Structure formats: C-alpha cells, structure tokens
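Here is the structure we will look at.
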Amino acid sequence: MPIYAPTLPPAPDLSLGQPPVLVLMRFDLARLWRQKIGRFFGFGFLALLLFKVARIYVGHLLQTNVALRPMKDFAQSILTQGASFQADLLSPASFLLWFLVALVGGGLVARDTLYRVRPLIYAHPVSPRDYLLAKLGFATALPFLILLPFVLLPWLMSLLLAGLDGPVWATAPLRLLPAMAISSALMGSLAVGASSLAATPRAGVSWVLGSVLGAGALAGLLRGMTGIAAVDALNPVLLAEAWPQLLVGVEHPLVAWLPALLGTALHLALWTTLAVRRTRPSEAIL
Amino acid sequence: MIAFENLEVRYPQATTPALRGLTLSLERGIVGLLGPNGSGKSTLLKTWLGLLTPSAGTGTVLGVPLGSEAARRLRGRIGYMPEYDALIEDASAYEQVAFWGELSGLAPDAARDRAHEVLYFVGLDEARYRPVSGYSTGMRQRVKLAQALVHSPALVFLDEPTNGLDPDGRRRMLDLVLRVHAELGAGVILASHLLGDVERVADQLVILDQGQIKAAGSMAGLRRALARRVELRFLDTLMPEQEAALAELGTVLEARNGLYDLELTTADPAAAFRWAQAQGATLIQLTPRHDRLDEVLLRALHGDATSMGGN
C-alpha cells in the first residue's frame, strides 16, 4: 500500500510536458487500443498483408524453382512490374480502411461532444488549433500507418528476393508514400469533419459512412446524367484509389489528374472547414 | 487575485453585451459567485479563463491582462471544475486525471504520479482504477475536483461543486473546498446557487444579475451589515418629520404597518433608544434582524443592494 503525504504536495514543473497535440493524439490511440474494434481490424489487415507478401514469395518460387517452371508463364501474368501492380499493393487494404476510418474516426470528435469534455479541454492551455490538429493528425496518421507495411514489406521482400528485377519497383515507396499521405489526409479530414457534425460516436460513424457513400452516389448520379467522367472526383473512395494510380503512372487511372486535384482540395477544404466551425470555443458551453 | 474595471464582454452578433460595466477587485481567498441562470456567471468564468476577449474595459487574472497573448498560458495556472459531467466515461479516474495533468503541462510520468496523489487527496482510493461510468454522483464530483487540482493551480473555479450531493457528500465536498484554499493556498471562485454552501466557505461574495454586479464585498462586511439590521416599533405612529429624522439613525430599508426595517449607522443598538428619546417617540420594540444570505441575494437582485462593507 503506497504511503501518501497527509496533504497534496505541489505539482512538479509544468514546463516539462509534451505539446497538447501529442497528448491528445496519444489519448485517442490509447482509447483505440482498449477497444475490441482494434483487434478485429488488426486481424483483417494482417491477413491482407500476409496475402500480399505470400503472393510475392510464391512468384519468387515460381521463377527460381525448376519444378515449378511450367507455371512461370502464369506467374508472369500476375507478377508483372507494371504500374497497375504497384498501385494495387494498396487497393484491398484501402477499402477495408474506409470502414476502420468510419468506425474510429466517427467517434473522434463526437465522443468529446457526448462527454462534454471539449470545453474542459479549452479550459486548459490548449487552443482550438491544437485540438483540431490532434484530431486530424490522428485520423490521418492511423490509415497512413496501417498502409505503410503494405508498401514497405512487399517492397523490401521484392528487393531481397529478386533485387531490382523484382515485381515491386525499387522506386515504388517514393511514389506510393505521397499517394498514401494524400489518401490518408482525405480520409482523416472527412472522418473528423463528419464526426464534428454528430452528437454521439454512433451518429458519427453514420455521418462518415453516409458522407462517403452519399458522395459516391451523388458522383455516380451526376456521371450518369452528364456523362462527364471528371465528376467521379466527388467520390472520396475513388479519389483515395486514384492517387496511387496517378503517382505510379497507371495508363487509365480511375480519376484524371486535374479532377483528382480539385476533388481532393474540395473535400479537404469542406471537411476541415466544418470541423473548424464545429469545434471552436464559442460552441463550448461552460 | 482578480481585478477588472469597466469590463464589457459581448458575444459576436449579440445586440446587448453579456457583461457590462463590471468593476471589481477580488483578494486571494474563497469567493462566492451568486446569481440566477443567465446572469452572466458562465460568461465571466469564460472571460477569466481567456476564452472570451473583453470588448471594453481592462482586467487582470493572477496579474495577467485579460485578452492578452499570455492568457492561454494563464490557463495552466487555473483549475476549472465544470458544473456538468465533463468526464471521459470510457476511462478510469486515474487515466483521465493523468490526461488532464498532461494537458496542463506535466510530463507523462509526473502526471501519472500526480494523478495518484490528487485522487487520494479527494478521497478516491482503489476506485480510481475503475471506469468512471460506474461511479456515484459524489465520486464523479470528486474526480472533477481532482482534475481541477492536478496541476497545483493558483486559482480554482468551482462551478456548483455540490450539485446532486446528499448532505454528507455536500459537507465533505465543502470541507475539500476549504482545504484547497487552506492547505494548497489556491484562490477559489465558487459559483453556486446553494447559498448555504457559499455562506459556509466563502470569505468574499459577488452577486451578479443581467450581466451586472448587484453587490460585492467581503462576507465579514456582509455579516457586519447584517448585524446592524434591526426592526423598530414605536408606541405611536411617527410623525412625518420624525420619519424623516430616522435617516440620522440609519438607512430605512422598509416601513410598513408601523414597523421600520433599519440598517443602523452604528453597531450600538442603544442608539435607537437615545434617538427615540431625543425625538419624543416611545420605542417599544427593537428586534435584531438575522437575515439569511438568501434575503440579501433577493434584495440585491431586486435592486435594493445592501451595503456589504468594504472588500
């Protein structure tokens, strides 16, 4: 049993702490760690990652093992060094990621609204900018960090097994990491913006899913009515898929460069503005 | 501790200011902040916390000018216990108090150690590891107090700290408030509508209504003023000139049915008999009025502010 002083001693130095942005992000991460949702998605992403890596290893076996030589032609058809293969390193994971972003990101701001802790956060040396940066940073860093092994592990394995002739380009990370950063920022801003509109985490999840699917449906509708392919840039799922394709140079990306730039800028501006307006101190009721 | 002059605070797009013409100086101690809903208490707290910038007037909190760049850093020296349940329901008391400590500027290890100490101080022992969603009202109030104290603030704002507590819990919370000032040396601003709470712990009082200070001063001054309140009855109805001469004796607060409610200018009640003798009136009743604080509050809110002595 610990022995405490009969009264409260003075607190230690207040200048040794971490920046508020980091403290808020760490607290959100610890919360995610406690939730069962983390285990479910952890298993899902691990399975996908193992599949990707196994695919490369099997390809390596097909090329180097004489007994498997008859299958080489087949292997070449699936393990080319083409741009599409590089972009596809992220594809199934990024679909699953939208659900994770909705489930986790939907509650990021809404949970603070439900528990009414945001005014108390602002009663500490934390500015609204710190708060928003922490939420956007967490919601962006989460998908980015999950996608990171999907690029780095196949790339490393490809280099180790087959050197520069492997199925993954030696320069693939230089192209895919910026694409991941843009897609993750898109996911993060959408999640935080939609979550700020909700009063409960469950409503936040609905807002994120509704916004993603609604924007996709709207884009599809407009595309059908006008026949203009560029309106696909309103669809955040297609945008997140398109950025790796654009940066690795796929011949026919899902969205062209200019619409992708404009669509991404529109989404980032819209959701960030919403989040800024919904989390400012004037919303705080003491 | 806190001083301001002609302070005016206006919300954006509001036609009238939420606070206007506030001039006051509060000494370090326990200050009771009283006022009905919508009187401006929360706006005043927000302004002191640096969340609102005054539209006019000047003021300082702990020596830091209101609305200045330093106001954000000032929040590291202030503890705030909100009225409502601002608890992170899916975290334990220990986790969230450590979190608030870190947000105030404590290093992670120091915040964890400090969370144990402060939760022990407020009387939460082993329960501190359980999620707060299972806590009783009294325990929840103590967690809120702990988060306000975790960083050793120089000034603590307590908004309705005894809300929802039973008499025993209320007594223990008020004891803690007294200890916060007496043992930790922190100034305390206690906003409450429970006047008994304020009367028990506060040494200064501010009564706020419609964004204006209706009365302010020390509790000692208030008690002295209350001690001079007497009710007089004379054998015969006083003549108009005798009634006018009552001003020599003190301030007439109320006159009805031959009863005169006076605040004497002197602390000696025998002065009333001497005055009656000099005026040729027969004083047959002198009753000290032991007003309760709620009567003072009601009078202040209705514009009949009692002099509460000096600050």
Side-chain angles (χ1 to χ4, degrees), chain A residues 1-37 107 111-131 134 200-201 277 280-286, chain B residues 11-12 41-43 45-46 49-52 72-91 95-96 99-111 113-114 116-118 120-122 144 147-153 157 159 179-180 182-185:
Chain A
M1 166 111 185
I3 298 171
Y4 295 104
T7 189
L8 193 61
D13 194 345
L14 289 179
S15 62
L16 301 176
Q18 296 174 339
V21 175
L22 202 56
V23 176
L24 287 163
M25 285 174 71
R26 276 184 31 236
F27 194 76
D28 280 327
L29 183 64
R31 171 180 278 148
L32 177 64
W33 196 252
R34 283 197 301 267
Q35 292 171 342
K36 287 175 186 164
I37 189 178
R111 188 172 281 105
D112 292 343
T113 308
L114 175 68
Y115 296 156
R116 297 198 283 180
V117 293
R118 196 159 49 249
L120 193 52
I121 288 173
Y122 292 149
H124 287 75
V126 180
S127 67
R129 190 171 140 269
D130 293 333
Y131 178 81
T200 65
R277 293 183 67 85
R280 58 189 177 187
S282 57
E283 295 288 312
I285 300 163
L286 290 176
Chain B
Y11 284 104
K41 296 195 300 287
S42 297
T43 305
L45 288 183
K46 278 190 212 178
L49 280 166
L51 297 176
L52 293 174
R72 185 182 148 197
R73 285 197 300 278
L74 172 71
R75 295 204 287 272
R77 296 168 60 198
I78 294 178
Y80 173 57
M81 175 185 175
E83 176 190 2
Y84 54 83
D85 261 3
L87 296 175
I88 304 165
E89 300 286 338
D90 58 349
E95 284 169 325
Q96 57 190 289
F99 166 68
W100 293 118
E102 279 197 64
L103 267 192
S104 300
L106 291 174
D109 287 346
D113 291 345
R114 183 71 180 167
H116 287 295
E117 290 172 350
V118 75
Y120 179 79
F121 176 78
V122 299
K144 280 159 55 182
Q147 67 78 24
L149 300 177
V150 66
H151 54 297
S152 279
F157 296 151
D159 202 352
R179 286 182 68 196
V180 166
E183 294 179 16
L184 311 184

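Worth knowing before you read on, the calculation uses all heavy atoms, side chains too, and leaves out hydrogens, waters and symmetry mates. Letters go in sequence order (proteins before strands), and every chain restarts at 1. It should be emphasised that the depicted structure is a prediction, and the values quoted were computed from it without experimental measurement.
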* Show your working on side chain to side chain contact (heavy atoms under 4.5 Å, CB included) between Arg31(A) and Ile88(B) and close with a plain yes or no. => CA-CA 11 Å; Arg31(A) 171 180 278 148; Ile88(B) 304 165; 3.1 Å; yes
* In sequence, state the C-alpha distance, the side-chain angles, and the governing distance for Leu24(A) and Phe99(B), and then conclude on side chain to side chain contact (heavy atoms under 4.5 Å, CB included). => CA-CA 8 Å; Leu24(A) 287 163; Phe99(B) 166 68; 3.7 Å; yes
* **Trace of the side chain to side chain contact (heavy atoms under 4.5 Å, CB included) decision for Asp90(B) with Tyr115(A)** => CA-CA 10 Å; Asp90(B) 58 349; Tyr115(A) 296 156; 3.8 Å; yes
* Asked: Hey, mind stepping through Leu14(A) and Leu106(B) against side chain to side chain contact (heavy atoms under 4.5 Å, CB included) and telling me if it holds?
  -> CA-CA 5 Å; Leu14(A) 289 179; Leu106(B) 291 174; 3.5 Å; yes
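For the set Pro125(A), Gly17(A), Pro20(A), the count of heavy-atom pairs under 4.5 angstrom toward chain B peaks at Pro125(A).
Of all heavy-atom pairs spanning Arg114(B) and Pro12(A), the tightest one is CD-CD, 4.3 Å.
In this structure, no portion of Asp112(A) lies under 4.5 Å from any heavy atom of chain B. The contact between Val150(B) and chain A is made entirely by backbone atoms, counting heavy-atom distances below 4.5 Å. Residue Leu184(B) touches chain A through its side chain alone, counting heavy-atom pairs closer than 4.5 Å. Looking at Leu22(A), there are no atoms closer than 4.5 Å to chain B (heavy atoms on both sides), in backbone or side chain.
Sorted by first then second residue, the salt bridge (Lys or Arg N to Asp or Glu O under 4.0 Å) pairs that include residues 101-111 of chain B, not counting sequence neighbours, are Arg26(A)-Glu102(B), Asp109(B)-Arg112(B).
Applying the side-chain hydrogen bond (donor to acceptor under 3.5 Å, both in side chains) criterion to Lys144(B), with sequence neighbours excluded, gives Gln141(B).
Ring planes of Trp100(B) and His124(A): parallel class, angle under 30° (limits at 30 and 60°).
Here the CG-CG distance, from Leu87(B) to Leu120(A), works out to 9.0 Å after rounding to the nearest 0.5 Å. Rounding to the nearest 0.5 angstrom, the gap separating the CD atom in Glu95(B) from the CZ atom in Phe27(A) is 6.5 Å.
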